[in-house]
Amino acid sequence: MNVEVTSVSKQPERLLEAASAIQVITNDDIRRSGAASLPEALRLAGNLDVAQKNPHDWGISARGFNAALANKLLVMIDGRTVYTPLFSGVFWDVQDYLLEDIERIEVISGPGGTLWGANAVNGVINIITKSARDTPGFYSEAGGGTELRDFAAVRYGLKLRPNVYLRVYGQMADRDNAAFASGAEAPDSWATRRGGFRLDAELPAQSTLTVQGDIYRGSEYIVTSGIQRVGGGNLLGRWARSWSADSDMSLQIYYDRTHLVDPITNQFGANQNLTDDLDTYDLDFQHRFPLGFRHAVIWGFGYRLTRDAVQNAMNTAFLPARSDHQLFNAFVQDEITLADHLVLTLGSKLEHNDYTGIEAEPGVRLRWSTAPNQTLWAAVSRAVRMPSRYDRDIFQPRPPPVVAHGSKDFISETVVACELGYRAQLAPGFSTTFSVFYNDYDHLRSFGPVPGAPRQFSFGNNLTGETHGLEFTAQYQVRDGWRLRGSYQLLRENLHVKPGQIDLFGGRNETSDPRHQASLGSSWDVARQVTFDTNLRWVDTRPTTNGVVPGYVELDARWAWRPSDRLELSLVGQNLLHRQHPEFGIAIPRREEIQRSVYGKAAWRF
């Protein structure tokens, strides 16, 4: 509960005092879980729904709406937003990092639009990597097994001059095919290569400078069409200055480029490539200062330019093929101390986008520290999901007659969310977080016939409805060297078509979510040099537009031996209870299923 988090209020605060349903995944949690990718590490967050579609694709969301194109979760890596304007979601196959260099992952379930802006509708994932100062020397890892066939990574950190530190890294991985329900192999293997650097400098006048960048490329087989190729890179710079513990400012600029070659099967059964090149330029400034004795103010502004160029395929096209969009934003938030243990937070973000103009995302939070180790909070906020190119610009197939297309009248999806939560350290070895929520959605995406155009279908905003549920997590230190953690989620969804409107799927196309989820994890230091970790998870039945994904129970385990301070050997088993099982997708014979996996790993540092 003393872990420092920044994602709730854009300023450092103890986890215990954060007025939000936030969970923290630490570097030690990631290492001991045996996770080999970011999506696998996110399974440790008890407030997320994480479903693996195949070796390279994942569905990840919070509080529902984990559809095929999940788009209501904002994901950041060191302040860089990672999403595609094609569908306002995340391509998880290109979001990767050397897990050893991640300091922590902060996961918020619930809207974060007041501070973070559009698309932070149902949650925020903030991935924070270590400073180069904290990663000196040489580190390497390598291994392989049944599904994670082989992988390797190297990282080197050094001190360039007093108060200037640099690290560089490179990594690769090859993953095997998944399987069909029949047991036959699905041709969907995955190979990735990645490298990058980070430089951190401590400057005069209590200033810091960070410069970092990454490049990557990968290839992945698509069951229905062939080889998909991805590549790209990014470069980020951030300057920050601090005047005191509660007064500072920062300026961040980054450039991000992604390249995608997606083979798409046309109506004649032939494959054609759809190519997408996206350039993103982003600037963000924020300033924090106290105002009198009772006010802590943070404000800022930002600008983002995206340039998206598509080379269209026969069966799928985005028109116009080239699209430039600007996003302007400004926010202000005031944290008001009403009494010694009562804090009211008011704020709003205003954004202007080229699709719908100005969007407002206000929020109010009340935090009551009922005791030194207990916090109650309540919150009401509004968030929006801006239109994407998928909503407005897509045409299928490209040549006439067009069967399905986007709508230039598509507007932002909205939510007004209410939340009540409790977080406490009830005993020296026992902590818990409990939250309940009610979300009211409007203008949700629908799909139906175009009036006056026979055999044509288009997207609209004809769905509305509400979701409600609860989230519970607990952690218990049984004794020195043995820790248990558990979580439970309940989600109820009630979406319906607006009176007089049509949606061909009755709202089911936007949600594919289990009603219940639970997990139980154990971390046991068997001996001074030996650890054993397990994570048992249960996921309820997942409805789809065609049948269901059956519920399942699975177990991951990791055994590790550290013969010296420099060397660690580990054996990891994933999905140990079944030979294979599905986690996502409609009920068809060629639905891909995730197989049991076992791999070994050696990590060496000096």
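Computed from a prediction, not measured in an experiment: that's the story for all the values here.
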Task: Glu220/Gln228 under side chain to side chain donor-acceptor pair (under 3.5 Å): CA gap, chis, key distance, verdict - done: CA-CA 5 Å; Glu220 49 209 45; Gln228 177 175 280; 2.6 Å; yes

Open item on the list: Around atom CD1 of Ile215, are there more than 12 heavy atoms from other residues, nucleotides or ligands closer than 6.0 Å?
Closed with: no

Task: Any side-chain donor near an acceptor of the partner, Ser597 and Glu147, under 3.5 Å - done: no

Open item on the list: Please report whether the ring centroid of Tyr169 lies less than 6.0 Å from that of Phe197.
Closed with: no

- [ ] Determine whether the side chains of Glu40 and Gln574 contain a donor N or O and an acceptor N or O closer than 3.5 Å.
- [x] yes

TODO: Assess whether ring-ring contact (aromatic ring centres under 6.0 Å, His included) is satisfied between Phe459 and Phe447, documenting all intermediate values.
DONE: CA-CA 5 Å; Phe459 293 116; Phe447 184 72; 5.4 Å; yes

Open item on the list: Just verifying a value: how many Å separate Ser37 OG and Asp96 CG, rounded to the nearest 0.5 Å?
Closed with: 6.5 Å

TODO: Look at Arg537 together with Glu554 and state whether they make a salt bridge at an N to O cut-off of under 4.0 Å.
DONE: no

TODO: Please round to the nearest 0.5 Å and tell me the distance separating atom OG1 of Thr531 and atom CH2 of Trp482.
DONE: 15.0 Å

Task: Distance-only side-chain donor-acceptor flag, Arg579 / Gln595, under 3.5 Å - done: no

Task: Interatomic distance, Tyr552 atom OH to Asn575 atom CG [nearest 0.5 angstrom] - done: 7.5 Å

- [ ] Go through the side-chain N and O atoms of His56 and Tyr221 and say whether any donor and acceptor fall under 3.5 Å apart.
- [x] no

Open item on the list: Before we go on, tell me: are the rings of Tyr281 and Tyr255 under 6.0 Å apart, centre to centre?
Closed with: yes

- [ ] Determine the minimum heavy-atom distance between Arg542 and Phe584, stating which atoms define it.
- [x] CD-CD1, 4.1 Å

- [ ] Verify whether one side chain among Asn122 and Tyr441 offers a donor that lies under 3.5 Å from an acceptor in the other.
- [x] yes

TODO: Indicate whether the side chain of Ser512 and that of Thr544 have a donor and an acceptor atom separated by less than 3.5 Å.
DONE: no

Open item on the list: Check Asp393 with Arg389, please: is the shortest side-chain N to carboxylate O separation under 4.0 Å?
Closed with: yes

Open item on the list: Side chains of Thr545 and Arg508 only: does a donor on one sit below 3.5 Å from an acceptor on the other?
Closed with: no

- [ ] Look at Asp256 together with Arg80 and state whether they make a salt bridge at an N to O cut-off of under 4.0 Å.
- [x] yes

Task: Heavy-atom pair of closest approach, residues Gln52 and Glu583 - done: N-OE1, 2.8 Å

Task: Polar side chain donor-acceptor pair, Asp556 to Asn535, under 3.5 angstrom - done: no

TODO: Say whether His325 and Ser323, considering side chains only, have a donor N or O and an acceptor N or O under 3.5 Å apart.
DONE: yes

- [ ] Would you check if there is a donor-acceptor pair between the side chains of Gln212 and Asp78 at a distance under 3.5 Å?
- [x] yes

- [ ] Indicate yes or no: does Asp93 engage Arg175 in a salt bridge with an N to O separation below 4.0 Å.
- [x] no

Task: No-hydrogen, no-angle side-chain donor-acceptor test under 3.5 Å, Gln396 and Thr316 - done: yes

